[in-house]
Amino acid sequence: MQRIYQLLSIQVQQAIEVAFREEILATNISKNLLNPQIMPASKPEFGDFQVNGALSLAKLIKKSPRQIADNIVNQLNRNSKFKEVCLPPVIAGPGFINITLKEEYLITEIIHRAQDEKLGVPILQEESSKSNRVIVDFSSPNIAKEMHVGHLRSTIIGDSIARILEFRGYSVLRLNHVGDWGTQFGMLITHLKNVAPEALTTANKVDLGDLVAFYRQAKQCFDIDKNFKSSSRQEVVKLQQGNEKSIKAWNLLCSQSRKEFQKIYDLLDIKLEERGESFYNPFLESVVTDLEKLGLLVTDQGAQCVFLEGITGKDNNPLPVIIKKSDGGFNYSTTDLAAIRYRLSPPPKGDGACRVIYVTDAGQANHFLGVFQVAKRAKWIPNNCHVEHVPFGLVQGEDGKKLKTRSGETVRLIDLLTEAINRAKQDLINRLEKEGRQESIGFVEEVSKVVGLAAVKYADLSQNRITNYQFSFDRMLSLQGNTAPYLLYALVRIAGINRKSKDLLKKQMQVRFHEKEEWSLIRELLKFEDVIIQVEEELLPNRLCNYLFELSQVFNRFYDHVPVLKAEEPFQSSRLILCQMTGSTLKLGLNLLGIATLERM
RNA sequence: GGGGUUGUAGCUCAGUUGGAUAGAGCGACGGUUUCCUAAACCGUAGGUCGUGGGUUCGAGUCCCGCCAACCCCGCCA
């Protein structure tokens, strides 16, 4: 309820200023202390909004909070515009002012909302002065490795953030900063030369599973064998110098991995632009020389570093960010710095972004803190633009430890998703049997895929991303509680009503409500825009999940207590409007989480 | 040793720039189906918000100390 909130804020603020004009002039109180502190009511019985400002004004204006509240309310009661939309305000408790919107106003809003494709969410207008380009950097698997459970959260959370920003009207660039460069390739190429040279010259000779095995072997050789180590380093040098054969081999390895990644992205319905670390290669040297010119670079133990301000390590010495290694190689910090410059530079030499969001695990917080500080000191981040690390916690098993398979290995992402789908399928088959329903194989396949994937995504997103996240198939697929199936079911109920009401919804019908479940649902529906805006600012998709769950609960209460199809006019049409709005809100909300929906399940 | 994050009901978690009697879900217990998919709804029980101070009209929320868990800490990303 953005519009009414802003309107009320202004009106209450004005009421305060008028009511206490003399006191304000006498004591020279600064304006920001007169903030009405209006916010959504903490409980339904308090109405729609509450004004907390009277309490903090008590000290400034030597009066009791209730007296102050009384004066404010008197002013509001004289304001005809205020009276148009609100019932007379009520003073409660130590000095809160409770504001309740008039039913007529709620009806106008809900009708307005029903006609708005964006469901009331304000959409950004193109501003010529400021770039509205945002980069979301997420997923980021490593070439020659399989995507595993560690990539799950970045991929799901990043996608959802990107969707929400896109919806709000930003021009979002979704970047997959894949690990496609560095020592790992030297290792792998050296090893493949020995054991499977054809993989380096011919496409599709080895699949990703083999590559992963080869990579493991290569890593072992690298750690044990000195000769292997040095030839690996040479391979890296060749690669960096652009040696034709090396580049070809590298390309083959990358495309092999890319195919596997794409399968997972297709399954999860995630669109990403691949731009690996190698992309920034041409810009690495200038990062070093420019930092040098700025006088930020210090050579220490053979490595070129920038020492951080205010971040110390052992012995209270400043911690370094290594820009160039003692062997002349570059580091991931160097790549990240080059990436920041490129992303924030105007086209054609850059992306022209103004906000860059990095969705990576919380373990990298220190790294980003360092890199961002260096970028700031080098003045590579323009004013009004910002780079943000959006951290998330570990995926843990039900034992509270890092999620592993029974044999103690990392869980492949594809296995995890397949298992979720299979479990959803089994649940569905059991239920069909129990209810004596007959459904086609296609139906079962489709429903279990949607439910399984929705469950995985929703379980992840519905948790505050900063904390560690306990993964449990049983809980996420559970048919009760704050789960994807619960939300999907609410939508199925609405779809059921829609199927049977095709000709019932009449245009021009008078809209009327008289049940408390109807009003709760209306109020809940009108909160959607507030939630979206909040998520955009805080980048916490769990707030959206929370809202959708509450909306589903409120809807289910409505559904249980208020008949729709059997109601008389004008109530039937009025209720059908609420059903449709709930449906479109749930659908859009789930879509912004990257979750597909169903008509039947 | 330094830094970061976390600590809220038996379990998993919400908790908005500090605001009224701290909320959900699961699990437990008890109810509801002539009616739009009961994968639902209603009710009951369950809390010294890790701990000790401080700031204030008011603290789960802000500040300081302590305890515990996890993560990071120079040439991997």
Side-chain angles (χ1 to χ4, degrees), chain A residues 35 37 39-43 46 50 52 55-56 58-59 64-65 92-96 98 140 142 177 179 181-184 277 300-305 311-317 319-327 329-333 335-336 360-367 369 391 393-394 396 398 400-402 427-428 431 435 437 451 459 462-464 466-470 472 474-475 478-483 485-486 488-490 492-501 530 534 538 542-543 545-546 549-550 553 556-557 559-561 563-567 575 579 600-601:
Chain A
N35 188 328
Q37 297 178 50
M39 54 175 67
S42 56
K43 288 184 177 180
F46 299 152
Q50 61 185 68
N52 300 337
L55 291 144
S56 45
K59 224 181 182 181
S64 79
F96 298 100
N98 291 335
S140 314
N142 287 315
H177 192 75
W181 205 248
T183 27
Q184 62 209 29
E277 293 166 355
D300 191 79
Q301 292 171 43
Q304 313 226 48
C305 317
I311 302 172
T312 52
K314 292 165 192 158
D315 318 325
N316 245 354
N317 291 327
L319 228 52
V321 170
I322 293 177
I323 305 296
K324 196 166 187 177
K325 298 192 276 189
S326 53
D327 67 359
F330 300 106
N331 230 357
Y332 58 103
S333 297
T335 311
D336 280 345
T360 77
D361 68 281
Q364 296 191 46
N366 289 339
H367 162 68
L369 216 61
L394 284 175
Q396 299 175 319
E398 281 173 270
K401 291 179 185 162
K402 200 171 170 180
D427 283 348
L428 178 60
R431 221 182 79 245
E435 293 174 10
R437 272 168 68 188
V451 171
S462 60
Q463 205 125 137
N464 185 324
I466 295 161
T467 51
N468 289 346
Y469 153 56
Q470 206 171 95
S472 160
D474 287 333
R475 228 176 290 144
S478 162
L479 314 168
Q480 289 106 22
N482 187 2
T483 64
Y486 180 87
L488 291 173
Y489 179 64
V492 164
R493 284 181 142 182
I494 294 166
I497 291 177
N498 284 342
R499 274 194 299 276
K500 293 178 186 173
S501 71
D530 306 336
Q534 202 186 6
E538 300 173 335
N542 65 304
R543 296 259 159 87
C545 295
N546 216 342
F549 177 56
E550 273 165 21
Q553 279 183 312
N556 275 329
R557 275 172 214 144
Y559 183 94
D560 250 56
H561 296 269
V564 177
L565 296 176
K566 293 197 167 173
R575 288 169 191 173
C579 289
R600 298 196 307 122
M601 64 193 276

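Letters A, B, ... are given to chains in the order of the sequence lines, protein chains preceding strands, and every chain is numbered from 1.
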Inset, instruction - Using the P atoms only, state how far B/G23 lies from B/G60, rounded to an integer number of Å. - result: 12 Å

Inset, instruction - Quickly work out the A/K401 NZ to B/C71 P distance and round it to whole Å. - result: 11 Å

Legend entry - Rounded distance (nearest 0.5 Å) linking atom CG of A/N468 with atom CG of A/D361: 10.0 Å

Inset, instruction - Report the glycosidic orientation of B/U44: syn if within 90° of 0, anti in every other case. - result: anti

Inset, instruction - Using a heavy-atom cut-off of under 4.0 Å over every strand shown, decide if A/G363 touches base, sugar-phosphate, or nothing. - result: sugar-phosphate

Inset, instruction - Report which part of the nucleic acid A/R543 touches: base, sugar-phosphate, or nothing (heavy-atom distance under 4.0 Å, all strands). - result: sugar-phosphate

Inset, instruction - May I have the distance from A/Y559 (atom OH) to B/A40 (atom C1'), rounded to whole angstrom? - result: 9 Å

Legend entry - Interatomic distance, A/Y486 OH vs B/G25 C1' [rounded to whole Å]: 10 Å

Provide a list of protein-nucleic acid N or O atom pairs under 3.5 angstrom, restricted to nucleotides 42-45 of chain B.
unit_1, atom_1, unit_2, atom_2, d
B/C42, OP1, A/R557, NE, 2.5

Inset, instruction - Identify whether any heavy atom of A/K59 sits under 4.0 Å from a base atom; if not, whether one sits that close to sugar-phosphate; answer base, sugar-phosphate or nothing. - result: sugar-phosphate

Inset, instruction - For residues A/Q364 and A/P391, determine if any side-chain heavy atom of one lies less than 4.5 Å from a side-chain heavy atom of the other. - result: no

Legend entry - Steps toward side-chain contact (heavy atoms from CB on, under 4.5 Å) verdict (A/T335, A/H177): CA-CA 10 Å; A/T335 311; A/H177 192 75; 4.3 Å; yes

Inset, instruction - Examine distances only and state if a side-chain atom of A/Q50 and a backbone atom of A/F96 form a donor-acceptor pair shorter than 3.5 Å. - result: no

Legend entry - Spacing of A/F549 atom CZ relative to B/G15 atom P, expressed in whole Å: 15 Å

Inset, instruction - Scan A/Q396 against the nucleic acid and name what it touches under 4.0 Å (heavy atoms): base, sugar-phosphate only, or nothing. - result: nothing

Inset, instruction - Let me know the distance between CG of A/N482 and C1' of B/A24, rounded to the nearest Å. - result: 8 Å

Legend entry - C1' gap between B/C42 and B/G47, integer Å: 24 Å

Inset, instruction - Under 4.0 Å between any heavy atoms, over every strand shown, what does A/P485 touch: base, sugar-phosphate, or nothing? Just pick one. - result: nothing

Inset, instruction - Dump the intermediate steps for side-chain contact (heavy atoms from CB on, under 4.5 Å) on A/I311 and A/L369, then the final yes or no. - result: CA-CA 9 Å; A/I311 302 172; A/L369 216 61; 4.0 Å; yes

Legend entry - Nearest to side-chain heavy atoms of A/N468, which nucleotide of B/A40, B/C70, B/U37: B/C70

Inset, instruction - Return the 5'-most residue of the pair A/P563, A/G179 with respect to RNA chain B, ranking by each residue's nearest nucleotide. - result: A/P563

Inset, instruction - Could you tell me whether the side chain of A/P320 reaches within less than 4.5 Å of the side chain of A/D300, counting heavy atoms only? - result: no

Inset, instruction - Calculate the interatomic distance between A/L479 atom CG and B/A38 atom C1'; express it in whole Å. - result: 12 Å

Inset, instruction - For nucleotides B/G54 and B/A9, find the distance between their P atoms and express it as a whole number of Å. - result: 25 Å

Inset, instruction - Indicate the atoms forming the closest heavy-atom contact of A/Y469 with A/A459, along with that distance. - result: OH-CB, 3.4 Å

Legend entry - Nearest-0.5 Å distance that lies between atom CD1 in A/I322 and atom SG in A/C305: 5.0 Å

Inset, instruction - Output yes when a side-chain donor or acceptor of A/T483 lies under 3.5 Å from a complementary backbone atom of A/S478, and no otherwise. - result: yes

Legend entry - Span that lies between the C1' atom of B/A24 and that of B/A14, in whole angstrom: 7 Å

Legend entry - Non-hydrogen side-chain atoms of A/P563 and A/R575 separated by less than 4.5 Å: yes

Legend entry - Side chain of A/D560 (C-beta onward), nearest among B/C73, B/U37, B/A40: B/A40

Sort me out a list of protein N/O and nucleotides 3-12 of chain B N/O pairs below 3.5 Å, or just none if empty.
unit_1, atom_1, unit_2, atom_2, d
B/U12, O2', A/R475, NH1, 3.3

Inset, instruction - Compare the minimum distances between each of B/C73, B/G15, B/C76 and the side chain of A/N331, then state the nucleotide with the smallest one. - result: B/C76

Legend entry - Under 3.5 Å: donor-acceptor pair, side chain of A/Q184, backbone of A/G179: yes

Anything under 3.5 Å between a protein N or O and an N or O of nucleotides 19-21 of chain B, put it in a table, one pair a line.
unit_1, atom_1, unit_2, atom_2, d
B/A20, N6, A/N98, OD1, 2.4
B/A20, N1, A/N98, OD1, 3.4
B/A20, N1, A/N98, ND2, 3.2

Legend entry - Consecutive-pair stems (3 or more, Watson-Crick or G-U, under 3.5 Å) for RNA chain B: B:1-7 with B:67-73, B:10-13 with B:23-26, B:28-32 with B:40-44, B:50-54 with B:62-66

Inset, instruction - Sticking with atom P, work out how far B/C63 lies from B/A69, rounded to a whole angstrom. - result: 24 Å

Inset, instruction - Respond yes when some side-chain nitrogen or oxygen of A/K500 is under 4.0 Å from OP1 or OP2 of B/U37, and no when none is. - result: yes

Inset, instruction - List in chain and number order the residues that pass side-chain contact (heavy atoms from CB on, under 4.5 Å) with A/F330, two or more places apart in sequence or in another chain; answer none if no residue qualifies. - result: A/L284, A/E285, A/V288, A/K324, A/T334

Inset, instruction - Supply the atom-to-atom distance A/E398 CD to A/D474 CG, rounded to the nearest 0.5 angstrom. - result: 6.0 Å

Legend entry - Sugar-phosphate, base or nothing in reach of A/N464, heavy atoms under 4.0 Å: sugar-phosphate

Legend entry - Check: A/N331 side chain, A/S333 main-chain N or O, donor-acceptor pair, under 3.5 Å: no

Inset, instruction - To the nearest 0.5 angstrom, please state how far the OG atom of A/S42 sits from the CG atom of A/N98. - result: 8.0 Å

Inset, instruction - Ignoring backbone atoms, test whether A/Y489 places a side-chain nitrogen or oxygen under 4.0 Å from the OP1 or OP2 oxygen of B/A38. - result: yes

Inset, instruction - Sequence neighbours left out, what passes salt bridge (charged side-chain N to carboxylate O under 4.0 Å, His left out) with A/R543? Give chain and number order. - result: A/E538

Inset, instruction - Figure out the CD/P separation between A/Q480 and B/A24, and round it to whole Å. - result: 18 Å

Legend entry - Toward the 5' end of RNA chain B, by each residue's nearest nucleotide, A/S462 or A/T483: A/S462

Inset, instruction - Can you tell me, in whole Å, how much space there is between the P of B/C49 and that of B/G7? - result: 14 Å

Legend entry - B/G4 versus B/G65 - spacing of their P atoms, nearest Å: 11 Å

Legend entry - Same-atom distance (P) from B/G19 to B/C62, integer angstrom: 11 Å

Inset, instruction - Take atom CG of A/D361 and atom P of B/C70, then tell me their distance rounded to the nearest Å. - result: 17 Å

Inset, instruction - Please determine, by modelled atom types, if A/N556 and A/Y489 share a side-chain donor-acceptor pair under 3.5 angstrom. - result: no

